[in-house]
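What follows is a single structure, written as structure tokens, with notes after it.
Since we're looking at a predicted model, the values are computed, not measured.
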Amino acid sequence: MAFVTLSVLEGLERGRIFRNLETPVTIGREEDNTVQLNDERVSRLHAKLQEDQGQVIFTDLHSTNGSRVNGHPVQLRVLRPGDHLQIGRCTLLFGSEEEISRRAKRLGVEVSALLPWQGPSSRSVPAGGLEDAEFSLSENLNPEQMMSPLFFGERPALPPVLGAGQRARIADVLAYIHEQLNSIVHAGRESSEASDGQIQVAWERWQSLLLLQRDLALWLSDVANPDSNA
């Protein structure tokens, strides 16, 4: 069991803070959700937050319009304080001020680096203890265009408990990715026509990179939708 805080940054419920919600937490348009969002682009039961092995997992529940984390389409994601969830036309900030501040300190960055933004002039900032919202955004912020990294140099940890077969399969996947990237890196050469340090890669190696991207997309889909392969 975990307790989470969600602040509504954009949407009809803007300024509302859901503090210390006990997992599992459901998000959707229907009244019986833990967090109800009044937006026709939000599915009746849109997404779920649950605790697993000390981490909070975000799952899109096959919603009509999908979900984004930090501007990136996701189906399954380990949430970190400062992540912003885009559900329909609503944007929710995950984590309390204290949790986000602790993560920023651990990463050695300013708190503002973890928050949604559209450029330096519209980056969100702490609201300085206002009772109606922990964070404020500029009025011209467009949630559909907000983009920030999914990872800030944080290497995702492998699950702590895996069977021998599971470890072998993960090792195979990672070895495959490493082998493909290694062949592309070693095939690259510095361009003799450019003075800015550009690297040239042969067309067939570039195609290999695109195929690797395809394989990664398929793996992500398979992990998020295990029943589809049953």
Side-chain angles (χ1 to χ4, degrees), residues 1-4 6 22-27 45-63 66-87 92 94-95 99-100 102-109 113-114 147-188 199 201-230:
M1 180 192 306
F3 295 90
V4 302
L6 295 170
E22 182 179 332
T23 56
V25 171
T26 59
I27 304 172
L45 182 59
H46 196 108
K48 177 175 66 175
L49 276 63
Q50 60 191 22
E51 186 271 339
D52 184 71
Q53 299 183 15
Q55 298 177 312
V56 177
I57 311 299
F58 174 88
T59 305
D60 181 273
L61 300 175
H62 305 289
S63 63
S67 303
R68 291 176 178 264
V69 174
N70 299 348
H72 304 265
V74 300
Q75 291 178 287
L76 198 64
R77 159 80 173 173
V78 176
L79 291 180
R80 297 164 177 81
D83 282 347
H84 56 279
L85 320 177
Q86 291 164 263
I87 297 175
L92 289 77
F94 174 75
E99 291 169 334
I100 296 172
R102 283 198 299 269
R103 182 186 175 210
K105 183 177 181 180
R106 186 176 71 253
L107 295 175
V109 299
L114 302 178
M147 292 288 288
S148 58
L150 281 174
F151 305 96
F152 284 81
E154 302 161 286
R155 184 179 65 185
L158 293 174
V161 180
L162 291 171
Q166 292 171 315
R167 287 185 177 277
R169 295 181 71 171
I170 289 178
D172 279 350
V173 169
L174 295 177
Y176 170 78
I177 296 171
H178 184 269
E179 181 180 63
Q180 295 296 314
L181 292 176
N182 195 51
S183 67
I184 295 168
V185 169
H186 284 288
I199 300 296
V201 178
W203 176 252
E204 60 270 18
R205 295 298 184 184
W206 176 252
Q207 291 296 308
S208 297
L209 184 60
L210 295 179
L211 290 174
L212 177 59
Q213 186 181 33
R214 179 207 62 185
D215 290 340
L216 290 170
L218 290 172
W219 279 324
L220 287 170
S221 177
D222 290 345
V223 168
N225 302 285
D227 296 337
S228 63
N229 297 318

(message) Ignoring hydrogens, what is the shortest heavy-atom contact between Ile87 and Ala47? Give both atom names and the distance.
(response) CD1-CB, 4.4 Å
(request) Rounded to the nearest 0.5 Å, what's the gap from CG on Leu49 to CD on Glu22? Could you check? (result) 13.5 Å
(request) Please assess Gln180 against Asp215 for the test side-chain contact (heavy atoms from CB on, under 4.5 Å), listing each intermediate value before the final yes or no. (result) CA-CA 11 Å; Gln180 295 296 314; Asp215 290 340; over 6 Å; no
(request) Indicate the atoms forming the closest heavy-atom contact of Ser148 with His72, along with that distance. (result) O-NE2, 3.0 Å
(request) Drop me the distance from Asp52's CG to Thr59's OG1, to the nearest 0.5 angstrom. (result) 10.0 Å
(message) Less than 4.5 Å apart, side chain to side chain, heavy atoms only: is that true for Leu216 and Ile177?
(response) yes
(message) Name the residue from Val223, Leu220, Val69 that meets the side-chain contact (heavy atoms from CB on, under 4.5 Å) definition with Leu76.
(response) Val223
(request) Return the minimal non-hydrogen interatomic distance between Gln86 and Gly71, and the atom names on each side. (result) OE1-N, 2.9 Å
(request) Supply the atom-to-atom distance Trp206 CH2 to Leu211 CG, rounded to the nearest 0.5 angstrom. (result) 11.5 Å
(request) Measure the CG-CG distance between Leu92 and Asp83 for me, rounded to the nearest 0.5 Å. (result) 12.0 Å
(message) What verdict does the side-chain contact (heavy atoms from CB on, under 4.5 Å) test give for Asn70 and His84, after you've listed the backbone C-alpha separation in whole Å, the side-chain angles of each residue and the deciding distance to 0.1 Å?
(response) CA-CA 5 Å; Asn70 299 348; His84 56 279; 3.2 Å; yes
(message) The test is side-chain contact (heavy atoms from CB on, under 4.5 Å); show your working for Leu79 and Leu85 and say whether it passes.
(response) CA-CA 9 Å; Leu79 291 180; Leu85 320 177; 3.6 Å; yes
(request) Applying ring-ring contact (aromatic ring centres under 6.0 Å, His included), name anything that partners Phe3, two or more places apart in sequence or on another chain. (result) none
(message) One pair to check against side-chain contact (heavy atoms from CB on, under 4.5 Å): Phe151 and Arg80. What are the steps and the verdict?
(response) CA-CA 9 Å; Phe151 305 96; Arg80 297 164 177 81; 3.8 Å; yes
(request) Please round to the nearest 0.5 Å and tell me the distance separating atom NE2 of His178 and atom OG of Ser183. (result) 10.5 Å
(message) To the nearest 0.5 Å, what is the distance between CG on Asp60 and CD on Gln75?
(response) 6.5 Å
(request) Measure across Val56 and Ala2 and return the closest heavy-atom pair with its distance rounded to 0.1 Å. (result) CG2-CB, 4.3 Å
(request) Taking all non-hydrogen atoms of both residues into account, name the closest pair between His46 and Gly66 and its distance. (result) NE2-O, 3.0 Å
(request) Report yes if the side chains of Pro160 and Gln53 come closer than 4.5 Å at any heavy-atom pair, otherwise no. (result) yes
(message) Counting only heavy atoms from other residues, nucleotides and ligands, does the tally under 6.0 Å from CD of Glu204 exceed 12?
(response) yes
(message) Once side-chain contact (heavy atoms from CB on, under 4.5 Å) is applied, do any residues pair with Leu107, and if so which ones, sequence neighbours excluded?
(response) Arg103, Val109, Leu114, Phe152, Glu154
(request) Kindly indicate whether the side chain of Val185, heavy atoms from C-beta on, has any atom under 4.5 Å from the side chain of Val201. (result) no
